[in-house]
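The structure appears right after this line, and notes come after that.
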2 protein chains.
Amino acid sequence: MNHSPMPTLLDVARKAGVSRSTASNAFSRPDVVRAEVREKVAKAALELGYLGPDPKAKLLRHGKVNAIGIVPPGEWGVADSLKNPVYHQFLSGVAEVCDEVGANLVIIPDRITNGGVGTALVDGFIFGRIEHLRDTEPARLRRLPFVVMDADAGPDISSVRVDARMGGYLAARHLVELGHRKFGIMSFLRGFGPTRYHPPGVPRGPEAAGMETDQEKLRGYAEALSEAGLDIADVPIVQAQPWDRDAARMMLDMAPEATAILSMAVMQGIAVLDEARRRGHSVPRDLSVVGFNEIPEAAKSTPSLTTVDGKAAEKGRMAARIIFDAGPIRRELLLPRLIVRSSTAPPSKG
Amino acid sequence: MNHSPMPTLLDVARKAGVSRSTASNAFSRPDVVRAEVREKVAKAALELGYLGPDPKAKLLRHGKVNAIGIVPPGEWGVADSLKNPVYHQFLSGVAEVCDEVGANLVIIPDRITNGGVGTALVDGFIFGRIEHLRDTEPARLRRLPFVVMDADAGPDISSVRVDARMGGYLAARHLVELGHRKFGIMSFLRGFGPTRYHPPGVPRGPEAAGMETDQEKLRGYAEALSEAGLDIADVPIVQAQPWDRDAARMMLDMAPEATAILSMAVMQGIAVLDEARRRGHSVPRDLSVVGFNEIPEAAKSTPSLTTVDGKAAEKGRMAARIIFDAGPIRRELLLPRLIVRSSTAPPSKG
DNA sequence: CTGAAAGCGCTTACAG
DNA sequence: CTGAAAGCGCTTACAG
């Protein structure tokens with residue numbers, strides 16, 4: 001209905017019979033203007049349908065946006081980051097801090113073309129797992145604070161990660177202590193590509209796990225096994241994307257003697273549970289399973305899944321605080337925790 | 001390391017030995033500048049660590065932000081909207097369209113003080129269920145497009161909703177057709193407050209359900225019952241927040257003869273399933289349950305839950321398209337669908 | 001407390 | 001294709 005041009009501060013000032021700066025002060029520094037004048041201005045604004053200083057113009061003068069930008073990992077879009085259950089937890093952690101400080105949360109896929117980190121209107125960025133440190137360049141050039149997740153980015157960049165090696169160690173040691181000696185490992189395949197099988201006896205490099213954080217998990221597994229006199233090189237590894245349902249089948253095919261499966265992803269762990277049941281195996285009597293990361297599904301699966309709590313929500317909270325605190329560089333390493341549920345027990349055939 | 005002031009377009013122009021407008025054109029209208037000059041500018045920019053025109057200043061000239069704002073219902077914060085499973089689905093729908101058009105998604109709690117709709121830097125708003133139409137005023141005054149969810153806001157405002165009456169009707173008719181005659185209804189309590197019990201025989205107004213959309217569900221229930229010669233006034237109603245675990249207990253206490261429970265929320269339906277099992281009742285043999293809205297949990301519950309698909313994700317997609325299409329006002333009414341699973345069967349004691 | 005003026009960094013007709 | 005100039009809407013010293 002109202003298609004006249006947007007009223008500006010000057011219109012309001014004229015209508016109220018004051019100068020532009022007075023009108024500006026009435027909105028932005030009310031204490032500097034006496035109540036009587038303030039009301040005249042407010043009245044004029046109301047009549048003109050003027051909401052207050054244009055946020056865009058305000059921004060140009062001293063650019064606080066009141067929003068934090070989340071850059072999802074890799075090629076992920078907005079929808080991907082909402083759908084991934086572990087990332088969803090991380091986002092919830094960030095969101096809690098947003099609510100504490102009254103900031104908006106904006107999800108910014110790392111687009112090459114328009115948009116992306118180079119132009120997003122936010123006060124800082126949380127990079128949710130980066131491929132190369134250079135992905136953060138636009139943030140640095142814009143002089144915007146940022147933090148990198150799940151990797152140590154050196155002494156000049158804030159980072160938050162969980163001790164994945166420790167997580168892997170806790171998972172494997174738990175099984176070792178229960179008496180297991182025969183294992184299978186479900187490793188993480190990041191990005192695209194078919195499921196890969198790494199047979200035992202063949203030496204395996206870091207490519208047997210996806211990212212650095214996955215390689216750390218593997219290292220943790222290896223340590224715990226080694227303490228028990230076992231060599232991880234003798235353990236069959238299936239490396240798959242966590243949503244690959246066939247991978248669980250391949251795992252059980254390739255490690256028929258295993259009494260325990262170590263999985264780097266919680267959804268993979270649940271898939272193994274399902275596949276074991278399908279084969280008529282009883283978990284944990286015939287097979288123990290440990291996942292990685294804690295999401296509600298882990299507690300609800302049948303049987304409930306023993307897993308490593310990767311502290312996703314806490315990572316989110318911590319990263320957000322680093323941005324909003326605007327303090328010095330911080331490098332945080334969170335400690336994971338083993339959550340023992342019903343999917344692990346001593347081996348019966350051992 | 002680099003604490004010199006941010007380089008501006010003018011710095012780049014000087015360094016490249018061209019005028020400011022040429023430098024601007026090199027970035028924003030490259031076709032207007034010959035390649036040779038463009039490269040000079042690009043080189044100067046690179047050396048200065050200049051990323052391209054400052055998004056904030058650009059914004060002031062012709063304000064396209066490339067982002068869509070979601071305003072969660074009522075008092076919800078960012079974290080609440082991420083955690084609510086049905087709203088999460090809706091957000092995912094919006095996110096899919098964001099990815100299609102390359103826009104960012106920003107979640108904007110409706111804050112009274114700073115931030116909020118009045119100042120958020122977005123190109124349009126999706127109001128996720130509003131208490132009063134006046135909550136949309138700031139969006140209108142800013143001349144930003146917006147759409148209202150779950151309510152018809154009249155001919156001048158775009159809206160997207162699902163036919164809740166039809167949803168209620170489908171749910172109740174399904175039970176009636178199975179032969180049920182004794183019902184209990186779990187109604188929705190929006191906002192705060194204790195669980196309320198509405199005994200049968202007492203006439204009940206719209207306050208027996210939360211929002212208009214809930215009242216429509218109730219109307220749908222009533223219609224289907226009426227077609228079967230039953231009066232909804234004879235049905236006990238428990239009105240509770242969907243995350244209230246005690247409500248399911250109260251429902252079964254208050255409607256001991258019911259062979260079927262109609263629930264306005266999917267989580268409530270699942271809670272009834274759990275409570276029934278706790279009491280040693282077998283679902284659906286002793287009791288049938290129908291929920292409202294479809295989330296992954298509904299298929300995974302034991303037994304899986306018959307429910308009405310409220311099309312949350314599709315609502316999100318549609319609302320986002322209305323914003324990005326920038327077309328005329330649209331008022332969309334989506335049709336719900338009944339998903340029959342294992343929580344409903346003919347009554348055994350009937 | 002008020003008002004005239006400069007400037008935030010950029011874009012866009014306009015004249016060359 | 002280039003350059004000088006005005007202006008997007010606001011804020012902020014500065015002098016009154």
Checklist entry - CG of A/N25 versus P of D/dT12: gap in Å, rounded? => result 8 Å

Item to check | B/R34 side-chain proximity, nearest of D/dT11, D/dT2, C/dC1 | outcome: D/dT2

Checklist entry - Using a cut-off of 4.0 Å on non-hydrogen atoms, how would the nucleic acid contact of A/D11 be classed: base, sugar-phosphate, or nothing? => result nothing

Item to check | Whole-Å gap separating P (D/dC10) and CG (A/L60) | outcome: 12 Å

Checklist entry - Ignoring hydrogens and geometry, is there a side-chain-to-backbone donor-acceptor pair from A/H88 to B/L82 under 3.5 Å? => result yes

Checklist entry - Rounded to whole angstrom units, what separation is found between the CE atom of A/M6 and the P atom of D/dG7? => result 20 Å

Checklist entry - Whole-Å distance between D/dT2 P and B/E36 CD? => result 9 Å

Item to check | Selected nucleotide, minimal atom distance to A/V18 side chain, candidates C/dC8, C/dG3, C/dT11 | outcome: C/dG3

Next on the checklist: Is it the case that D/dG3 (base atoms only) and B/S21 (side chain only) share a donor and an acceptor within less than 3.5 Å, ignoring hydrogens and angles?
Outcome noted: yes

Item to check | Selected nucleotide, minimal atom distance to B/A57 side chain, candidates D/dG9, C/dG9, C/dT12 | outcome: C/dG9

Checklist entry - Given side chains that start at C-beta, do those of A/L144 and A/D123 come closer than 4.5 Å, heavy atoms only? => result no

Item to check | Integer-rounded Å distance: C/dG7 C1' and A/R20 CZ | outcome: 11 Å

Checklist entry - Under 4.0 angstrom, heavy atoms only, what part of the nucleic acid is B/F27 near: base, sugar-phosphate, or nothing? => result nothing

Checklist outcome for this item: Which of D/dT12, C/dT12, C/dC10 is nearest the side chain of B/R29? It is C/dT12

Checklist outcome for this item: By nearest-nucleotide position on DNA chain C, the 5'-leaning member of B/P53 and A/V37 is A/V37

Item to check | Pair A/S21, A/S24: side-chain N/O donor-acceptor within cut-off below 3.5 Å | outcome: no

Checklist entry - Is a donor-acceptor contact shorter than 3.5 angstrom present between the side chain of B/S19 and the base of D/dA4? => result no

Checklist entry - Which pair of heavy atoms, one from A/V106 and one from A/I108, lies closest together, and at what distance? => result CG2-CG1, 3.4 Å

Checklist entry - With a 4.5 Å limit on heavy-atom distance, are the side chains of B/K83 and A/S92 in contact? => result yes

Checklist outcome for this item: Partner of C/dC14 under the Watson-Crick or G-U wobble criteria, both distances under 3.5 Å, comes out as D/dG3

Next on the checklist: Taking 4.0 Å as the cut-off, does a side-chain nitrogen or oxygen of B/S28 come that near to OP1 or OP2 on C/dT11?
Outcome noted: yes

Checklist entry - Think B/T8 has a side-chain N or O under 4.0 angstrom from the OP1 or OP2 of C/dG9? => result no

Item to check | Nucleotide D/dG9, atom C1' - distance to CZ of B/R143 in whole Å | outcome: 15 Å

